[in-house]
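A quick write-up on the structure given underneath.
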Amino acid sequence: MPGLYFTVLVCSVLALGWAQRLPTPIGITIPARTLTMVRVNWKQPPSIKYTKFGVKISPRATILPPERPDDTSRTFEDLQPGIAYTVTLRGETADRRRSRPLRFHIWSEPRQPRSLKLTPIREVKLAVKLGDYEDTYSAPVVGLHVDWEAPEGRTGLNGYDVRIEPKEDCAMLNPQPNKDEEPDHTSRIFAGLTPGQQYTISVRTKTGPLYDLVYSTPITATAIIPPATPYTVEVTDVGATHASVNTLGPLKGIFDKLEFVLDPEHGVVGPPSLDPIYNRFNVYTFTGLQPSTKYVLKVYSVSKGVRSWEPYTVEINTKPAAPMLLQVTAYGQDFVTLQWDQPATFTTSDEIEYLIGYVDIEDATSGQTGTTRVRSGDFLVNVKVQQLIPGVTYKFTVYTQKPGELPVLQAETVQTTIPPKPRITTLDPTNGGIIVVYDSPSVGKCPELKVSVSPNPESKPPGYHFIGQEIYLPNVPREERFTIHSRCVSNYLEGPELVVSSRAVVDPETGKVGDPPNLPRRALPCILARTGRRVPRPDVVTPDSCCGNRPYNKANQQCCGEILAREGDNRLCCHQTFYFATSSVCCSGGLVRPKEDGCEDFYVR
């Protein structure tokens, strides 16, 4: 019995020594991981092949059984998110010899942070402590305060990963808690950002060892830093019912436009125009204001719908109302008709002179004046100012001038003449649509172009463009039923519509628009204003010119404005109106008047 005991003991020692020399599995990898699951892969050691593997995990979790005992992977389920688990792995040979245990840690994904909130800030508080001295100061910054909540439940986290896009030369600060408070790890401050820029912040939790961190799925949020305040706003011209301001946007950062808030809310503001002297400045004109009124104008910079922190504020004090009711009763492309009540103190005089001045509000050097006389007893005065430029916003000023006295300002008003019809210079088909380019009208201004297409199955609103800009009209085929509609727009006032077929072509020599294949034969480019179709030629008259949108023969007919008459019927043309040169009618200053009214005196130049 003693000898037998000795033999068994020696065999056990030999077996244990042999097992300790067996290599462990190698190449531990984790190909898949979720909040509650981790899949672990490994490899057979190069010197031996194990026929099965023993796997344990602590704390307890579910180990899915493998398809074969020698599978070199296991899937662990029902894990706690972010908690460290210890896995023990042994290899076993066919003759039941086992390797040394291989122990390693695994982590499932940690839970996400919650309730991410971004707040733009413009100052931070700095705590300064030097010996016994301690105080808090505020420092201005362009920054973003990022705040979130920790995940619920047991997490096992070792921190957060916070990132910002776009990446800039900004600083990320970790706000310090107040005295006797726990450290706050769920907030950050980004300083040194760009005003008006949009930023995306992502936050994710992290766990595991520093050399192989495990991250949660990030949560993200987007915020726009308010743009900087406009650099300057200067009031340059004020009347009874209008005012103009010169503006310059912020010099640093990004902004899309300027936004105006006028208190009281009167009138409208027109589109900007470049200052003729300082091209970096834009000029905005407010019309429809009330006389003798104090306005407070606040001008904000706007970036993607977000206003600047502070507005640039100026005051506008409109001038008193004139002692008469000046108004515009009619206007066209080249004329404006003014009407006012003659002051009662002037109706007893034999004769009163009114001095009428008008100036392009965008060009202070364009001023002109004219004089008209009114007889005593005429309580209502009407004057038609002619030879104006289409599409221009004019300021009209009326002065009274009595013999031997200086002119006295009576009233002012602003009116825009109807813009001219636009001109097409290029109409080219392209892949998926048509490109249209417009040229400046031969006479007048066209600050903006309103362009649309008919039919419009997608019900898209008209687009607004500028002269010389390539305008892409998508999904417009070269068909007769498709027409391109365009108008010039000046200070929200639209001019006559130009309608051309999408099949039309532009003559490169003359710039005329026509339908192929007639254009190379230099046919008349008379295009109906609404349909865009060519007017058929009359049966008996071969046209060689156009009157408005109608073809006619100059040898047999005469044209006045857009009206046709037969040649030789003794009618004369006064501006755009036919009249008969009898003893009682004359044309003066573009108006048909009885001769006894004194035609030579009734005009404004």
Side-chain angles (χ1 to χ4, degrees), residues 254 256-257 270-274 279 282 304 333 362 389-392 416 418-535 546 548-549 551:
I254 301 170
D256 299 328
K257 63 178 182 178
S273 61
L274 287 179
N279 291 334
N282 281 329
K304 296 179 178 61
Q333 285 195 336
E362 297 180 5
I389 300 175
V392 173
T416 304
I418 297 176
K421 186 180 292 187
R423 296 194 307 169
I424 289 181
T425 58
T426 303
L427 198 154
D428 291 332
T430 185
N431 185 19
I434 288 179
I435 291 180
V436 184
V437 180
Y438 291 82
D439 193 8
S440 299
S442 56
V443 178
K445 293 185 177 181
C446 187
E448 276 189 304
L449 282 166
K450 178 183 177 182
V451 181
S452 61
V453 177
S454 179
N456 185 7
E458 299 181 3
S459 301
K460 291 184 178 180
Y464 290 85
H465 311 275
F466 299 101
I467 293 294
Q469 177 183 356
E470 286 193 353
I471 304 170
Y472 174 58
L473 304 175
N475 303 321
V476 179
R478 298 297 294 269
E479 296 181 9
E480 290 186 358
R481 70 188 188 97
F482 277 87
T483 52
I484 300 171
H485 302 248
S486 54
R487 297 176 184 269
C488 287
V489 181
S490 178
N491 200 21
Y492 301 102
L493 184 62
E494 297 182 1
E497 186 177 50
L498 172 66
V499 181
V500 297
S501 168
S502 65
R503 296 182 67 250
V505 295
V506 180
D507 189 329
E509 296 181 6
T510 64
K512 296 181 178 180
V513 180
D515 292 332
N518 297 325
L519 186 62
R521 299 201 301 266
R522 302 293 187 264
L524 288 175
C526 296
I527 300 173
L528 284 175
R530 295 191 177 182
T531 65
R533 302 178 182 273
R534 295 175 54 79
V535 181
C546 288
N549 291 318

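Numbering starts at 1 and runs along the sequence shown.
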### Within-4.5 Å side-chain heavy-atom neighbours: Ser501 and Phe482
no
### Task
Return the minimal non-hydrogen interatomic distance between Pro477 and Ser502, and the atom names on each side.
O-OG, 2.8 Å
#### Entry: Rounded distance [0.5 Å steps], CZ in Arg487 versus CG in Leu493
10.5 Å
### Message
Which heavy atom of Arg478 sits nearest to which heavy atom of Arg503, and what is that distance?
### Response
NH2-O, 3.0 Å
### Task
Return the minimal non-hydrogen interatomic distance between Lys445 and Pro420, and the atom names on each side.
O-CD, 3.2 Å
### Message
In the structure I gave you, are the side-chain heavy atoms of Leu274 and Asn282 within less than 4.5 Å of one another anywhere?
### Response
yes
### Query
So, for Pro422 and Leu449, which heavy atoms are closest and what is the spacing to 0.1 Å?
CB-CD2, 3.7 Å
### Query
Is it true that a side-chain atom of Ser490 and a backbone atom of Pro447 form a donor plus acceptor pair closer than 3.5 Å?
no
### Task
Mind checking the CD1-CG spacing from Ile484 to Leu427? Nearest 0.5 Å is all I need.
4.5 Å
### Query
Mind checking what makes side-chain hydrogen bond (donor to acceptor under 3.5 Å, both in side chains) contact with Asn456, not counting sequence neighbours?
none
### Query
Which pairs with one or both residues in residues 468-477 pass side-chain hydrogen bond (donor to acceptor under 3.5 Å, both in side chains), sequence neighbours excluded?
none
### Query
Do other residues, nucleotides or ligands put more than 12 heavy atoms under 6.0 Å from the NZ atom of Lys257?
no
### Message
Give me the atom names and distance for the closest heavy-atom approach of Val451 to Ser486.
### Response
CG2-CB, 4.2 Å
### Query
Does the side chain of Ile435 come within less than 4.5 Å of Thr426's, by heavy atoms?
no
#### Entry: Reported CZ-to-CD1 distance for the pair Phe466 and Ile471, which is rounded to 0.5 angstrom
10.5 Å
### Query
Of all heavy-atom pairs between Ile418 and Gly495, which one has the smallest distance, and what is that distance?
CG2-CA, 3.7 Å
### Message
List the residues meeting side-chain hydrogen bond (donor to acceptor under 3.5 Å, both in side chains) with Thr416, not counting sequence neighbours, and say none if there are none.
### Response
Thr393, Asn491
### Task
For Lys460, check side-chain hydrogen bond (donor to acceptor under 3.5 Å, both in side chains) against everything at least two apart and list the hits.
Glu458
### Query
Asp439: what forms a salt bridge (Lys or Arg N to Asp or Glu O under 4.0 Å) with it, not counting sequence neighbours?
Arg423
### Query
Quick one: CD1 on Ile467 to SG on Cys446, what's the gap to the nearest 0.5 Å?
4.0 Å
### Task
Among Val476, Ile434, Thr483, find the one that has a side-chain contact (heavy atoms from CB on, under 4.5 Å) with Val453.
Val476
### Task
Can you sort out the partners of Glu494 under side-chain hydrogen bond (donor to acceptor under 3.5 Å, both in side chains), two or more places apart, ordered by chain and number?
Lys450
### Task
Answer whether the closest heavy-atom distance between the side chains of Pro496 and Gln333 falls below 4.5 Å.
yes
